[in-house]
**Q** 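Submitted below is the structure of interest, expressed as structure tokens.
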Amino acid sequence: RFTLQNPSNKPVERIIEIGYPAMDQVEFFRPSALSQSDDERYDRQVTGDSVVGRQVDIRSIHALYRVVVPALSEQTYYIRLSGDSTITFDISIHEPMGFIDQEAVRFDSSALFFGIMIAAIIYSLSIYAVMRDEAYLLFALFLIGATTYQASMWGYLTFYLLPETSWLVNLCTITSLSLLVITLVQFSSYFLELKQKSVLMYRAGIVLQAAAAVFIFVSLIDYHTAIFLLMATAAIGVVAALIASVELWRKGIVYGKIFTLCLAAYAAFHAAYSLERIGVIELKDTLDGVFKIGFSIIALLFILVFADRFRRTTYQNEVDLKAARDDAITASRTKSKFLATMSHELRTPLNAVIGFSDIIASETLGPIGHPKYKEYARDIKESGAHLLYIINDLLEISRIEAERIVLDEQQIVVSDLLRRCTRIVDGRAQQNSITIHRADVPKVPYLTGDETRLQQVIINLLFNAVKFTPPGGHIYISATISPAGEYEITIRDTGIGIAPEDQQKILEPFIQIAPHLTRHHGGVGLGLAIAKSIVDLHGGKMRIDSDLGKGTTFVLSFPKDRVVK
């Protein structure tokens, strides 16, 4: 019961605020404006956390009533509270303008708090999505639990999201508090590496997590007992994590210090909040403001720790990746040098084998007797020539990888180049009943480049086209200037085509996408890799356009600064 006196000559308006929204039932009695009997002199308005159809004068997270005290009079008011748990009773009387200012500050501080929490949650989830690091997911879940719990205890959950559903609010409260405990323990265990560095604390954490999960089901039987047990479990969890962080700080763990500071601050806020809610201390709005600021700072500190951890992890990954790349490059160059050396060593005696077998097969020094010897000599020559072709490819790719190739730049008459290439391949094409069509390019400008190596590229592509085009097929070769001014040489066939998933693979060394065909025709899968490397050395690009069963088109594109008009 309380009485308001108005000694002035004018009516005075006041706003009665009953704080702490999580009270089961609040009954407010005010003098009735109508003339009634003594037993009915008061109007009754009922609100509370478990009341459907709350009766208040001003909608807010707290119970608010507007009263007017007539001039030169006093009025007595009654408030009756009822519930199944400890009640924290906060009542304030405000002037209207002072209340508006206070509500603005309260709203701004709450908006800042929830804004920081939501931003921290989104940040942690984003980092988790990138790094797949469990610590960030656990911290996000911890923040979700803490934010939902505070939204429930401060009345925002009831007011904005779940009005008239006290049972659902209670379930959210108990579930969010349980989530807070479970994730805080798991997060601390993961972040502080308790499983490796403090087995006893790690096992204690498992017990606390199990208890927090069990209390969710206990709340279905006795909500108030479960909430107090959970608050006690949370306190134990914070203290245990704090002890572990202090110990790891002493052992020199990188993040032990900042973790200890954050947990110490959180432990202080949690203790003050718990003591205030069970009525041991009285802080009213001061505690809520301090808690909002303090917990926001804790969240930001953890975000800074995570940002530094992310930076350190990313930097270390970059260092490791660079070291691995350098090792791979060194190994590749060593291999390429070895291949280049060995290829030279193999090619020298092989040339002799081919030369002498040719002399024997042609009977330059006289007849060799049995005709089989002559046939064997031809086999030796052909096998040696094929082996020399393979060795030359190995030598070429090794020289490219070892960066030993220097282009012999000159102006190339492309029409002559294409004519020469088709003439070289035409014999093989005719044997396979394949027709090569060369478009005349008299008006196409000159191209600057290494003519010998570009001839090697075009011949290689033509031979590939002949190799994979069935008898009776066609091969088309042409040159033109693209709308962007680039020089393009196109080779198109009506062969077997290349599957989309294989079109990039065939440009890698030693890759053969049709072994049953290449085994018949020979080769080790280096031709296209060499061709692409030579085009790349000219600053150009090799494009592939192919459909299975319809044919393949290779386009060699050279930059416009190589076009000579």
Side-chain angles (χ1 to χ4, degrees), residues 385 388-389 392-393 395-397 399-400 404-469 472-495 506-507 521 523 526-546 551-565:
L388 182 61
Y389 168 77
N392 283 336
D393 276 355
L395 176 61
E396 189 74 2
I397 196 69
R399 290 179 63 189
I400 290 172
R404 291 184 177 181
I405 286 194
V406 178
L407 297 178
D408 180 15
E409 303 275 0
Q410 55 187 297
Q411 289 188 7
I412 304 170
V413 181
V414 178
S415 58
D416 294 343
L417 174 63
L418 299 188
R419 189 180 301 110
R420 188 164 56 251
C421 292
T422 53
R423 189 167 56 246
I424 293 172
V425 181
D426 197 51
R428 176 72 65 82
Q430 289 179 7
Q431 291 177 6
N432 294 354
S433 301
I434 297 171
T435 305
I436 299 179
H437 305 271
R438 185 185 73 252
D440 293 330
V441 289
K443 296 182 180 180
V444 176
Y446 297 109
L447 174 65
T448 301
D450 189 326
E451 185 169 5
T452 301
R453 297 202 176 277
L454 290 182
Q455 177 175 307
Q456 177 185 357
V457 170
I458 296 171
I459 290 175
N460 185 288
L461 294 177
L462 287 172
F463 270 124
N464 266 357
V466 172
K467 184 188 303 183
F468 298 109
T469 299
H474 300 269
I475 298 173
Y476 303 88
I477 182 169
S478 62
T480 186
I481 303 296
S482 72
E486 296 180 334
Y487 207 116
E488 293 186 346
I489 299 175
T490 302
I491 299 171
R492 180 170 62 87
D493 63 55
T494 58
I506 63 172
L507 299 179
H521 294 284
L526 288 174
L528 290 178
I530 293 172
K532 181 181 181 302
S533 298
I534 291 174
V535 174
D536 290 343
L537 286 173
H538 284 80
K541 297 178 181 178
M542 177 186 289
R543 302 197 309 271
I544 303 175
D545 183 14
S546 183
T552 303
T553 300
F554 284 89
V555 180
L556 311 180
S557 178
F558 300 93
K560 60 183 179 180
D561 58 3
R562 288 189 170 273
V563 178
V564 181
K565 297 182 180 180

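Heads up: numbering here begins at 1 and tracks the sequence. Everything quoted here is computed from the prediction, not taken from an experiment.
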**Q** How many angstroms lie between CG in D545 and CZ in R543, if you round to the nearest 0.5 Å?
**A**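 Taking CG in D545 and CZ in R543, the distance rounds to 9.0 Å.
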**Q** How would you list, by chain and number, every residue that makes a salt bridge (charged side-chain N to carboxylate O under 4.0 Å, His left out) with E486, sequence neighbours excluded?
**A**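 Checked E486 against salt bridge (charged side-chain N to carboxylate O under 4.0 Å, His left out); zero matches.
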**Q** Which residues satisfy the side-chain contact (heavy atoms from CB on, under 4.5 Å) test with R423, sequence neighbours excluded?
**A**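 So R423 forms a side-chain contact (heavy atoms from CB on, under 4.5 Å) with R419, R420.
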**Q** How about Q431 and V466: do any of their side-chain heavy atoms sit closer than 4.5 Å?
**A**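 No, their side chains stay 4.5 Å or more apart.
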**Q** Looking at every non-hydrogen atom in both residues, tell me the closest pair between T494 and G473 and how far apart they are.
**A**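 Shortest heavy-atom contact: OG1-CA, 3.5 Å.
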**Q** With sequence neighbours excluded, what pairs up with D426 under the side-chain contact (heavy atoms from CB on, under 4.5 Å) test?
**A**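 In terms of side-chain contact (heavy atoms from CB on, under 4.5 Å), with neighbours along the sequence ignored, D426 is linked to Q430, I436.
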**Q** Begin from the C-alpha positions of T553 and T490 and carry the test side chain to side chain contact (heavy atoms under 4.5 Å, CB included) through to its verdict.
**A** CA-CA 7 Å; T553 300; T490 302; 3.6 Å; yes
**Q** Counting C-beta onward and ignoring hydrogens, is there a side-chain heavy-atom pair between R453 and L407 closer than 4.5 Å?
**A**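 Yes, at least one pair of side-chain atoms sits under 4.5 Å.
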**Q** Which residues satisfy the side chain to side chain donor-acceptor pair (under 3.5 Å) test with R438, sequence neighbours excluded?
**A**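 If we apply the side chain to side chain donor-acceptor pair (under 3.5 Å) test to R438, skipping adjacent residues, the hits are T422.
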**Q** Keeping to residues at least two apart or across chains, list the salt bridge (Lys or Arg N to Asp or Glu O under 4.0 Å) pairs with something in residues 551-564.
**A**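 Listed once each, the pairs are E409-R562.
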**Q** Among M542, H538, K541, which one satisfies side-chain contact (heavy atoms from CB on, under 4.5 Å) with L556?
**A**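 Answer to the side-chain contact (heavy atoms from CB on, under 4.5 Å) test with L556 among M542, H538, K541: M542.
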**Q** Working note: L417 + I458, criterion side chain to side chain contact (heavy atoms under 4.5 Å, CB included); need CA distance, chi angles, decisive distance, verdict.
**A** CA-CA 9 Å; L417 174 63; I458 296 171; 3.8 Å; yes
**Q** Provide the full list of salt bridge (Lys or Arg N to Asp or Glu O under 4.0 Å) pairs with a residue in residues 527-537, sequence neighbours left out, each pair given once.
**A**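 Checked against salt bridge (Lys or Arg N to Asp or Glu O under 4.0 Å) - neighbours excluded - the pairs reaching residues 527-537 are K532-D536.
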**Q** In chain order, what residues pass the side-chain contact (heavy atoms from CB on, under 4.5 Å) check against V564, with sequence neighbours excluded?
**A**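 Here the qualifying residues are Q411, Y446, T448.
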**Q** Measuring only between side-chain heavy atoms, which start at C-beta, is I491 closer than 4.5 Å to L462?
**A**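 The answer is yes, as the side chains (C-beta and beyond) meet within the 4.5 Å cut-off.
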**Q** Measuring from I489:CD1 to L454:CG, what's the distance to the nearest 0.5 Å?
**A**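 Result: 6.5 Å between the selected atoms.
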**Q** Within the 4.5 Å heavy-atom criterion, are V535 and V457 side-chain neighbours or not?
**A**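 A side-chain contact exists here, since the closest heavy-atom pair is under 4.5 Å.
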**Q** Are L447 and F558 packed together at the side-chain level, in the sense that at least one heavy-atom pair is separated by less than 4.5 angstrom?
**A**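 Of all side-chain heavy-atom pairs linking F558 with L447, at least one is under 4.5 Å.
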**Q** Name all residues meeting the side-chain contact (heavy atoms from CB on, under 4.5 Å) criterion together with F463; count only those two or more places apart in sequence or in a different chain, and write none if there are none.
**A**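 Counting only residues at least two positions away or on another chain, F463 forms a side-chain contact (heavy atoms from CB on, under 4.5 Å) with V425, R428, I459.
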**Q** Test your reading of the model: is there a side-chain donor-acceptor pair from D450 to the backbone of D408, 3.5 Å cut-off?
**A**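 Side chain of D450 to backbone of D408, a donor-acceptor pair under 3.5 Å: yes, one is there.
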**Q** With sequence neighbours excluded, what pairs up with S546 under the side chain to side chain donor-acceptor pair (under 3.5 Å) test?
**A**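 If we apply the side chain to side chain donor-acceptor pair (under 3.5 Å) test to S546, skipping adjacent residues, the hits are T552.
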**Q** Restricting to ring pair (Phe, Tyr, Trp, His ring centres under 6.0 Å), what partner residues turn up for H437, sequence neighbours left out?
**A**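 Applying ring pair (Phe, Tyr, Trp, His ring centres under 6.0 Å) to H437 gives H474, Y476.
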**Q** Test your reading of the model: is there a side-chain donor-acceptor pair from N432 to the backbone of I434, 3.5 Å cut-off?
**A**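 Checked: no pair found.
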**Q** Drop me the distance from Y487's OH to T480's OG1, to the nearest 0.5 angstrom.
**A**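 It comes to 8.5 Å.
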**Q** Would you mind reporting whether L461 and L528 have side-chain heavy atoms less than 4.5 Å apart?
**A**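 The answer is yes, as the side chains (C-beta and beyond) meet within the 4.5 Å cut-off.
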**Q** What is the distance from atom CZ of F554 to atom CG of N460, rounded to the nearest 0.5 Å?
**A**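 One gets 9.0 Å once the value is rounded to the nearest 0.5 Å.
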**Q** I need the minimum non-hydrogen distance between A479 and V414, along with the two atoms involved.
**A**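 Heavy atoms only, the tightest pair is CB-CG1, 3.9 Å.
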